[in-house]
Amino acid sequence: MIRKRRRSKKRGPVRAKRVTHDGIKFASGLEKHMYMALKKARIKAAYEGETFVLIDGFMFESSSYERQANGKRDMVDRGNKKILPIKYTPDFIGDDFIIECKGRANESFPMRWKLFKRYVNEHLKGVTLYKPQNQKECEVVINLIKEKRKCKTKQVGN
């Protein structure tokens, strides 16, 4: 008997499976794993605790002829309207660190990440960024945070 291979249609970007743990709705299993690792290590961090405005919104006061958002082929003037700000909400925020768990990034993430790094550089001096992409890297992040805190404790003690 010959089996036919079914081709699966590509369904757009990878979608993470949302999970709930301790009453918190996480956007992915990787975020849940990071939360559990932080909790086990007794490292305090807020999940999606703050949203940062990377670029302010503005009024676009010119014409901009584009296809409509609903996909119709007609080119219409989509100018003369308010452009929304570009915002970023990291996954975990601690006293001196920010963690962004990113298994597979979508196409807009690299640019948003660069803008966020610039924001951190200009406004959040002394904050360390971590971007684990798998569970093993989450454990590495925990060890890096612990090591950094150990070094700070030794410096304060001297």
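Aromatic ring centres of Tyr35 and Tyr47 lie farther apart than the 6.0 Å criterion allows.
Relative ring orientation between Phe116 and Tyr119 is described as parallel, the plane-to-plane angle staying below 30° on a 0-90° scale split at 30° and 60°.
Within 6.0 Å of the CD atom in Glu122, the count of heavy atoms belonging to other residues, nucleotides or ligands exceeds 12. Residue-environment remark: NZ (Lys17) stays at or below the threshold of 12 foreign heavy atoms within 6.0 Å. Residue-environment remark: CZ (Arg118) stays at or below the threshold of 12 foreign heavy atoms within 6.0 Å.
At distances below 3.5 Å, at least one donor-acceptor pair connects side-chain atoms of Glu31 with backbone N or O atoms of Ala27. Not a single donor-acceptor pair under 3.5 Å links the side chain of Thr20 to the backbone N or O of Gly23. Side-chain atoms of Arg149 do not come within 3.5 Å of backbone N or O of Leu144 as any donor-acceptor pair. For Asp77 (side chain) and Ser64 (main-chain N/O), a donor-acceptor pair under 3.5 Å exists by modelled atom type.
Contact of the Pro132 side chain with the Val140 side chain is not registered, since no non-hydrogen atoms from C-beta on lie closer than 4.5 Å. With a 4.5 Å cut-off on side-chain heavy atoms, Val19 and Ser28 do not count as touching. Contact annotation: the side chain of Lys131 approaches that of Trp113 to within less than 4.5 Å [non-hydrogen atoms, C-beta and beyond].
Using modelled atom types, one finds a donor on one side chain and an acceptor on the other under 3.5 Å when comparing Thr128 with Lys148. Side chains of Glu100 and Tyr88: a donor-acceptor N/O pair is present below 3.5 angstrom, by distance only.
Cation-pi check for Lys87 over Phe52 is not met; the charged atom does not lie both under 6.0 angstrom from the ring centroid and within 45 degrees of its normal.
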- Task: Applying side-chain hydrogen bond (donor to acceptor under 3.5 Å, both in side chains), run through His33 and Glu139 and close with a yes or a no.
- Result: CA-CA 9 Å; His33 181 81; Glu139 304 306 323; 2.8 Å; yes
- Decide side chain to side chain contact (heavy atoms under 4.5 Å, CB included) for Phe26 and Cys101; before the verdict, give the C-alpha distance in whole Å, the side-chain angles of both, and the deciding distance to 0.1 Å. CA-CA 11 Å; Phe26 295 98; Cys101 299; over 6 Å; no
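Under the side-chain contact (heavy atoms from CB on, under 4.5 Å) test applied with Pro90, the options Leu129, Ile99, Ile98 reduce to a single match, Ile98.
Among residue pairs with one or both ends in residues 53-78, none qualify as ring pair (Phe, Tyr, Trp, His ring centres under 6.0 Å); sequence neighbours excluded.
A salt bridge between Lys39 and Asp22 is present, with a side-chain N of the basic residue lying under 4.0 Å from a carboxylate O of the acidic one.
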